[in-house]
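What follows is one structure encoded as C-alpha cells, with my remarks underneath.
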Amino acid sequence: SATTVRVDLAGRPYDIVIGRGLLAELGLRIAALRPGANTVIVTDENVAARHLDTAKASLAGAGITSSEIIIAPGEKSKSIDVFASVCDQILATRIGRNDLVIALGGGVVGDLAGFAAAAVRRGLDYVQVPTTLLAQVDSSVGGKTGINSQYGKNLIGAFHQPILVLADTAVLDTLPEREFQAGYAEVAKYGLIDDAKFFNWLEANWRHVFDGGPEREEAVAICCRAKAAIVARDEKETGDRALLNLGHTFGHALEAGAGFSSRLLHGEAVAIGMVQAFDYSVEQGLANGQDAERVRRHLKSVGLRTRPSEIEGDMPDVDELMALIAQDKKVQRGKLTFILTRGIGESFIAKDVDPAKVHAFLSQQG
Ligand code: NAD
Ligand code: ZN
C-alpha cells in the first residue's frame, strides 16, 4: 500500500509517494516517469551501508543504470568544497539532460544533491528519496536546496523542485532513535500549527509512529500534505510559509548557542522552541496554560527535552540568546517576527513582538 500526495506548484506538479518498502519500487517508478534515464545516486556513508544495495538492485531490475557518489555523513558535508566535488563527480558520469540525480539520504544529502542538480548543466531533474523522518516530513518537500556558508546556514542555494519524492517509511527502521525523536518534533509541529485533530491523534498514536506501524505512513502523509499546502499557498500569497518556523526562532538561538553540535540536534532544539513559543503565548495572555502543558507533556513523553535547562553543558546567557535571535530574525522598527499561538492548532505570525518582553520571558525561564 502507498499513499500519494500531489504537490501542485505553479511550475510542474509532482508526486510524493509514501509507503513501507517503497525503496524496492524505485526502479519501476523512475522507469515509468523517465524511460531510458541513467541515474547518479548521491548518498552518505551511513545510508549507503544500509540502503544503497536495495536502491541499486531496484534500478537494475528496471533496466536503469546507476553510479553513486558517497559523501561523509553530517552537516559539514553541506559545504562549498563538498558541493564542488559532487558537481564534478556528477559531470564525470557524463550525465545527459534526460538523466536523473537521486538524493538518497537525510536532509543533508537532499539539500546538497538537490542544489548540485539545480546547478549542474543549469539544472538536472532529480528524485528525492528521504531516509530520515525529518527529511520525509520536511526537507524533501518544498524545493529548497542549498549549502552552508561561513556566514551562516543555508545561505547558498536555489529553489529546485524534484520530479518525484519517494518516502519509504521502512528505511526509518534503521535510523538512530535520537534522530527519529528529533524528526518527530517537526511532525508534532504540523499539529501545533493548524491541525489540532492531528495533534490529538498523535497523542494517542505516537508509539505506533515510532514502532513503524501503518500509523507512521499516515503521519508522514499528513505532514507532507500540510507542508505541500503551505508551500503552495505561499507561492501565491507570500508569508504563510513562515508558519513552518513555529519553535524555530527560539530553537535556532539554542542550536547556535550549543554550537550546532550533537549536543542539540535541530529537531531537539525545535521541540524546546515550540514549548517556549507556547509558554510565551500563555504569558502574553494569548493561549491557555493547559494547552502549553499538553504540548510539553507530549514532547516529553516521546523522549524529547522541553526546557533549555535540560541542555547539558554551557549555554549562552539571555543577552547572548537575544543577540542570536535578533541576528536570525531581522529586527524591523525595533520589533521581532515570531510564530505565536492561541492554542494547539492555532498558530499565527506575530510581526510586532517586543524584544524587551522576550528578554524578560527568557530571564525568568531559567
Ligand atoms: P542528516 O541528513 O544529517 O541525517 C541524520 C543522520 O542520520 C546522519 O548521520 C545520516 O547519515 C543518518 N541517516 C540518514 N538516514 C538513515 C537511515 N535510514 N538509517 C540510519 N542512519 C541514517 O540530517 P537530517 O536531520 O535528515 O537533515 C538535516 C538537514 O536538513 C539540515 O542541513 C537542514 O538544514 C536541512 N533541512 C532542509 C530543509 C529544506 O526545506 N530544504 C528543511 C529542514 C531541514
Ligand atoms: Zn526545522
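Start at 1 with the first residue, then count along the sequence. When a ligand or atom number is given, it counts from 1 through the structure's own listing order.
Counting the atoms of ligand 1 from 1 in the order shown, those under 4.0 Å from a heavy atom of Leu134 are 24 (P), 25 (O), 27 (O), 28 (C), 30 (O), 44 (C). Atoms of ligand 1 lying under 4.0 Å from at least one heavy atom of Arg50, given by number and element, are 19 (N), 20 (C).
Scanning Ala72, Ser139, Gly146, Ala170 for the heavy atom closest to atom 36 (N) of ligand 1 points to Ser139. Comparing heavy-atom distances from atom 21 (N) of ligand 1 across Pro176, Ala49, Ser262, Gly107 singles out Pro176 as nearest. With distances taken over non-hydrogen atoms, the option nearest atom 37 (C) of ligand 1 out of Asp111, Val231, Asp138, Ile71 is Asp111.
The pair Arg263-Asp314 fails the salt-bridge criterion, with no side-chain N (NZ, NE, NH1 or NH2) lying under 4.0 Å from an Asp/Glu carboxylate O.
The shortest heavy-atom distance from His51 to ligand 1 is under 4.0 Å. Put simply, part of Lys227 is less than 4.0 Å from ligand 1, judged by heavy atoms.
One finds an angle of 110° at the Zn ion (ligand 2) between NE2 on His248 and OE2 on Glu186, to the nearest 10 degrees.
For Tyr190 and Phe198, the gap between ring centers reaches or exceeds 6.0 Å.
A side-chain donor-acceptor contact under 3.5 Å links Asn200 and Arg294.
With a 4.0 Å cut-off on non-hydrogen atoms, Val108 touches ligand 1 through its backbone as well as its side chain.
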